[in-house]
Amino acid sequence: MILERSGYTENGPETGPSKDLIQKKEDTAALVRRMTRDDQMAFDALIETYYSKALHIAYLISGNRSDSEDIVQETLVLCWVNRKKIREPEYFETWLFKTLTREAWHYCKKARREPPVEEVFGEDQAGPADVMEEAIRNWEAGEIYKAVKNLPVKQRTVVVLYYYNQMSTKEIARIMNCLEGTVKSRLHTARAGLKQVLADESHAFGKEIPL
Amino acid sequence: MKGFKESQDINRETGSEQTVDLKIRDALNREAEQLQVSSRHVKNMQQSVHNRIQEGNGMKHKSIKKFIVAAAIICTLGGITAVAAGRIASISSHSNWKEAFYDYNQIDKMEQKLGYTMKAPKSFTNGFTFSSGIPNHQEAQDDNGNAIKQIESLSLTYKKSGMADITLEIQGDDLGEEAATPDKVLTYNGIRLSYSTEHFRFVPADYKLSAEEQAAIDAGQLAVSYGASKVTDNVFQLMFWKDDGVTYKLLAFDSSMSPEDFREMAGEIIEFKGE
């Protein structure tokens, strides 16, 4: 099931962007306009706004913590260098994430390797030892992410933008510069694989998980 | 985010599909949460991006990782003036992001590894809460660059909404970082707390110092760091003390905390008996 949405909510379909969201978009567009007029303070404010999100997306796509810092740095440098080319400040976020995913793909290609698992998951980190349910969920989440990490990079990008960044298939198509149908197809394939991972886990834990 | 049990309660026909979606989303959120971002990280990134832009596209790419290491050198030293002015060029420090952790219980493991007791509360009464930790590898060198001493310390970041991050550095050995002339000396239960501030000015590479700035540098009131795209000022605060042979440093950049606020936090650390 591929959700059709402009922004995912847990309570059902969205009725439209909230006032806060509209205001935020307008504030961002104002900052972008200032940046295109060479205002470095506006650029710094945009870095503050987007750094965390961009870093997380870069990390989820590249699977490598240290590369993700470099990917974001490169993206932000390109953002400043190409600031005059930003024609639609209202769509800055799409422009930024488009540049970011290109950089992430470039790093993945350059690395020509999958990052070692321990780099992604770190050392054994103790969870709440007496909460079995939480331990299972952690384990399950780890298995799902491992599976996401093993997806081809473009499928992985779709999954990250769709599930983590809460973007619609239409928005993702703009970012990835492809047809919306291609996005849906990639998402469908990736999701089917991840669903299988959940089924295998359900079997491993002897637990019923609706599939 | 719906929990596992809640999601199981969803209607099985459509709910099962939603469950898969929720689990994928949850897995990605959990993974992303491991990579926490502090205000210091943002400042480092802004600085490194400006440096890259200034260097121009023809220049060799400088990794943010190197910049973070450089920043770590600055941030782990009380004698920032000395580092920037080159008087103590003999202490270096580096951290590796692969060693960062976000689980408070990891501190126990670090305690066992480093072999000394670390007093580190999970949260403070003023609202600051543990966010992440990272080991620091420090090396003291003589004038000829020979290593005299190597120590491993622990750097813990505490966060509070709307406030600059606070870092607690704990090291089992002393590399002599206490400010020679602290701004203020306070005490807590007989323990001497040395409070000092440093004023940093990041300036472009071709920046010409004014006579006033030079005088402030000579007086140890200002530290100038070259290579930034524009002139920016940062104020660094440090509270330094020793407790039972272990050195503690509470530090912050551009924080509104007063020396008394630092003293209160130091007091809670000194009184800390374990979670």
Side-chain angles (χ1 to χ4, degrees), chain A residues 1 3 8 10 40-41 43-44 47-48 51-53 55-57 59-60 65-66 68-70 72-74 76-77 79-81 118-123 125-129 133 136-138 140-145 147-149 159-160 162-164 166 190-191 194-195 198 208-211, chain B residues 1-5 7-8 10 12-37 39 41-46 48-50 52-53 56-57 61-65 67-68 96-103 105-106 108-109 229-230 232:
Chain A
M1 181 186 73
L3 296 173
Y8 179 84
E10 286 165 11
Q40 290 197 351
M41 283 175 76
F43 178 48
D44 280 345
I47 294 178
E48 266 190 64
Y51 176 63
S52 177
K53 193 70 154 179
L55 185 71
H56 288 154
I57 292 171
Y59 171 55
L60 292 172
R65 194 168 289 197
S66 49
S68 56
E69 294 273 358
D70 285 347
V72 175
Q73 186 199 52
E74 201 60 36
L76 293 170
V77 169
C79 177
W80 178 258
V81 170
E118 63 270 21
E119 191 168 297
V120 175
F121 294 98
E123 297 289 318
Q125 293 196 358
E133 191 70 17
I136 292 171
R137 284 172 61 184
N138 278 337
E140 188 179 66
E143 290 302 304
I144 293 173
Y145 183 64
V148 169
K149 200 164 67 67
V159 168
V160 169
Y162 185 79
Y163 286 106
Y164 177 72
Q166 308 288 295
R191 197 176 174 285
L194 297 172
K195 195 172 170 180
L198 281 170
E208 187 182 354
I209 294 177
L211 288 173
Chain B
M1 185 80 213
K2 282 185 170 62
F4 180 78
K5 280 185 178 161
S7 57
Q8 276 191 316
I10 296 170
R12 276 186 176 262
E13 284 295 358
T14 56
S16 64
E17 296 298 329
Q18 285 184 15
T19 302
V20 173
D21 288 323
L22 289 173
K23 280 174 185 290
I24 296 169
R25 185 183 165 203
D26 180 48
L28 295 177
N29 282 338
R30 279 168 187 256
E31 190 58 33
E33 276 168 14
Q34 291 191 34
L35 203 63
Q36 296 203 0
V37 174
S39 53
H41 295 149
V42 178
K43 274 189 190 300
N44 287 343
M45 180 56 76
Q46 286 169 333
S48 71
V49 167
H50 284 297
R52 282 279 320 282
I53 291 166
N57 290 331
H61 170 88
K62 267 191 188 169
S63 168
I64 176 71
K65 285 167 276 191
F67 187 83
I68 287 169
N96 187 335
W97 285 109
K98 289 177 191 170
E99 295 177 318
F101 58 88
Y102 306 94
D103 177 0
N105 296 320
Q106 287 285 104
D108 287 343
K109 286 186 183 175
S229 59
K230 57 182 177 175
T232 51

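Quick note: numbers below take in every heavy atom, side chains included, and nothing from hydrogens, waters or symmetry partners. Throughout, a chain's letter reflects where its sequence line sits, starting with A, and its residues are numbered from 1.
A/Y51 and B/M45 make their closest contact through CE1-CE, 3.4 Å (heavy atoms, listed as atom of the first residue, atom of the second, distance). Taking every heavy atom of both residues into account, A/Y164 and B/A32 meet most closely at CE1-CB, 3.6 Å.
Here the CD-CD distance, from B/Q46 to A/Q73, works out to 12.5 Å after rounding to the nearest 0.5 Å. Here the CG atom belonging to A/L194 is positioned 12.5 Å from the NZ atom belonging to B/K23, to the nearest 0.5 angstrom. For the atom pair CG of A/D70 and OG of B/S48, the computed distance is 9.0 Å after rounding to the nearest 0.5 Å.
Taking 4.5 Å as the limit, every side-chain heavy atom of A/Y163 sits out of range of all side-chain heavy atoms of B/N29. In this structure, the side chains of B/L28 and A/H56 stay at 4.5 Å or more apart for every pair of heavy atoms. In this structure the side chain of A/D44 reaches within 4.5 angstrom of the side chain of B/H50, judged on heavy atoms.
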field: Check against side-chain contact (heavy atoms from CB on, under 4.5 Å), A/K149 and B/E31
entry: CA-CA 11 Å; A/K149 200 164 67 67; B/E31 190 58 33; over 6 Å; no

- request: Take A/E69 and B/N44 through the side-chain contact (heavy atoms from CB on, under 4.5 Å) test and state the conclusion after the steps.
  value: CA-CA 11 Å; A/E69 294 273 358; B/N44 287 343; over 6 Å; no

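Of the atoms belonging to A/L60, it is side-chain heavy atoms, and not backbone ones, that fall under 4.5 Å from chain B.
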